[in-house]
Protein chains: 2
Amino acid sequence: MSVQFQIEATSGSGRLGKLTTPHGVVETPVFMPVGTLGSVKGVPQDLLEELGVQILLGNTYHLYLRPGVDTVRRMGGLHGFMSWGRAILTDSGGFQVFSLNELRKVTEEGVTFRSHLDGSSHFFSPESAMEAEIGLGADIIMAFDECTEFPAENERVRASMEMTLPWAERSKRYFEAHKQEVPWGDARQSQVTSRQSLATDSKACHSEKQRDEQSVFANQQPSTTDDEAPTQSLFGIVQGGMDLALRKESAERTVEIDFPGYAIGGLSVGESREVTREVAEATVQHLPADRPRYLMGVGTPEEIAQYAGMGVDMMDCVLPTRAARHGLLFTSEGKISIKQARYATEEGALDPACGCQVCRRYSRAYLRHLYAANEVLAQVLNTVHNLSFYLDTMRRVRHSIRLGEGTGSLSGVSSQPKP
Amino acid sequence: MSVQFQIEATSGSGRLGKLTTPHGVVETPVFMPVGTLGSVKGVPQDLLEELGVQILLGNTYHLYLRPGVDTVRRMGGLHGFMSWGRAILTDSGGFQVFSLNELRKVTEEGVTFRSHLDGSSHFFSPESAMEAEIGLGADIIMAFDECTEFPAENERVRASMEMTLPWAERSKRYFEAHKQEVPWGDARQSQVTSRQSLATDSKACHSEKQRDEQSVFANQQPSTTDDEAPTQSLFGIVQGGMDLALRKESAERTVEIDFPGYAIGGLSVGESREVTREVAEATVQHLPADRPRYLMGVGTPEEIAQYAGMGVDMMDCVLPTRAARHGLLFTSEGKISIKQARYATEEGALDPACGCQVCRRYSRAYLRHLYAANEVLAQVLNTVHNLSFYLDTMRRVRHSIRLGEGTGSLSGVSSQPKP
């Protein structure tokens, strides 16, 4: 069993779907919080569950360096290691090799790069990246690609795209030959699982909303109802820089290789947001309608709503979590910098329209104090709120699509500073 | 209404009691987690509730500097400001003025000191410290004292004690004249309270244990069943250095002033643990049996069990929370430094005998990884576990006293490094 994707409603180009993975159903369009090192910075897993997170993203490059793929594999993969029973997606490491390594050396064979931690030398090929991603055991893994830098000459963009295409083929070939090596179902896994079940039991009785969500995930362990053991799914990545013709060619040739889902990579690398939108919108047209489409590394709350309206099904971004650590909070009234003195005595909720546990319980004055006093709880609460805002935005997007409405201008979804 | 203290059982010198405050009942002997700046570093309030924390400690010195007493007062006091419906105790600031200020200047009138944050000059007298503590609105507040340095000549210790005694009288006089100014019941408070009730509702259905705990706190808001409005309670502090005769004199003269509870201050200031124990044990004898006794600033898990056995009812210490931030974790097998490489692949729970949410859900390998990778979640989870270990230790202490057993050598309560 691989992922299954089912479209339930459409509105314009937007699609409402269900992505069934070995670790539960993901309602799309979905925003995936980033858990770089096996943790969404500062947020315990049970809070992520309460927020309704259905799929998390892990970074192969970071996890490969720390704690190492072998350690994660022995713990039953990322699910067991971080005690997360719902779906996970890992990137291929290509983007970090590109963004964190100025001294990388790329050949047809693969990429030699230095660790940003200790300068040690490492090598990723499509094969070794797949080996790492199989060891990490995410439900959805990404083909190894070269993320083309920006700006780049047309010739360089073509060369880079021509590099990524055979890497996609090699990624698929290695994956197909080794996908049974996924660490799920291992004896060790069941041990970790039993601790996890206990944790789930103790949480068994929350709000009604949560009970509903839990019933969706009644079977959080890999399903083995059909004879075939569950496996991961490998998605391809479209490159081609900011050149729409190359994007079209990259999309068509990647689709020829045939993957159960496709990502649009190589955006949010320094180009203007207008260009990002233009390239994403043009590229999405060339991706098959019956497969999930994943736009990597975007965006603001209003952008993720707009992209969903263009037919993008999956997105991820560090923005909500990173902004939270800098005290930048998204609200229905606009973006707030909580460190401002104007909030020091404000008794109201951060966002009166938000139902997250932070807005239900704490005042702006308290959040401002925690941030100003450099209290760690500021990071925890700010991150919970921003994630909640993103997830709520996507809930509203899905609702709009179901009603046949547009998603481009949801009220209260703005990234502009609060007046 | 002030605090009420009821002893339910004794075993040797140990006492099992119920301390009824305007914000709920506290089962004693109790360990009070330290929430210096209105937050137990890294732990959201709902997790503290789940841990069964019945009373928190706040530091007047720190809260006076940030966010300032006026801000807290306007939010309904610390309860409203930090959205904490259970009991709170604040210290008087005397200890921080002593420990964080090398340039302080003490006169009969009070202490001039410099902020450790920006060097600005401030003045605390018994009256201004009481004014601050009334503004913060904790259920139990402490008289302003001078914490005598260690080591100190006998003459200096006596002079310091002779300073603290009239300060205790002045503290009481100011408190009695101004105790109706406590910020509870303010219109602003009820606003914060309604947000708080919502938060409580969403948590209304946890484990049975938690339901039990919540029923104890059915009325978390100040009780106004009798005509008299609820007020804070002011405790006196015994000083006298390491001199047992001065301790006796300080205790007797403080008791003459008459407080609803008494603390033993001036310990854990650099003396050996043996001396701490000796002085605490000798001093406790001179405190009235029908009033709660609070030993300030201790200790390890085995020490808090031993002190409870000597008849101490309340304790606080930064050890569990501070050690957690350094990866030092208390377990039934001894103290663990989670950063050690030996834990990198250990799949078992941190403490198999512990039922906290960290031990139920995560492996040692995961906790080691989070700590080694400097992930903020390490601090959150480590703190939750250590607090759970301390609170469980006190639950077992109370159980032992109820059974008429000693508390000095509970199995699995050790501060020694794990072999």
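In what follows, every heavy atom counts, from backbone to side chain, and hydrogens, waters and symmetry copies are set aside. In what follows, chains are A, B, ... by sequence order, proteins preceding strands, each numbered from 1.
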Which distance, rounded to the nearest 0.5 Å, do you find between the OG1 of B:Thr71 and the OH of A:Tyr366?
14.0 Å
Can you tell me how far the CD atom of A:Glu347 sits from the CE atom of B:Met75, to the nearest 0.5 Å?
5.0 Å
Would you indicate whether B:His326, at its atom NE2, is surrounded by more than 12 heavy atoms from other residues, nucleotides or ligands within a distance under 6.0 Å?
no
On a heavy-atom basis, the closest approach of A:Arg66 and B:Ala373 is NH1-CA, 3.5 Å
Let's go through A:Lys41 and B:Leu377 carefully: what are the C-alpha distance in whole Å and the side-chain angles of both, what is the deciding distance for side chain to side chain contact (heavy atoms under 4.5 Å, CB included) to 0.1 Å, and is it a yes or a no?
CA-CA 6 Å; A:Lys41 296 190 188 304; B:Leu377 189 56; over 6 Å; no
Whether A:His369 and B:Phe81 hold their rings parallel, tilted or perpendicular, with breakpoints at 30° and 60°
tilted
Please flag which part of B:Ala378 lies under 4.5 Å from any non-hydrogen atom of chain A: side chain, backbone, both or neither.
neither
Between the CE atom in B:Met82 and the OG atom in A:Ser363, the distance rounded to the nearest 0.5 Å is 11.5 Å
Honestly, the part of A:Ala344 sitting under 4.5 Å from a heavy atom of chain B is backbone
B:Arg342 atom CZ, over 12 foreign heavy atoms within 6.0 Å
yes
Pairwise distance CG(B:Asn374) to CG(A:Leu37) - rounded to 0.5 angstrom:
10.0 Å
For B:Val43, is it the side chain, the backbone, both or neither that has a heavy atom under 4.5 Å from a heavy atom of chain A?
backbone
Positions in residues 379-389 of chain B that reach chain A, provided some heavy atom is under 4.5 Å away
B:Gln379, B:Val380, B:Leu381
Closest approach of A:Val376 to B:Gly42 (non-hydrogen atoms, all atoms of both residues)
CG1-CA, 3.8 Å
At their closest point, which heavy atom of B:Ser83 faces which heavy atom of A:Arg361, and how far apart are they?
O-NH2, 2.8 Å
Applying salt bridge (charged side-chain N to carboxylate O under 4.0 Å, His left out), run through B:Glu346 and A:Arg74 and close with a yes or a no.
CA-CA 10 Å; B:Glu346 283 203 11; A:Arg74 265 183 280 176; over 6 Å; no
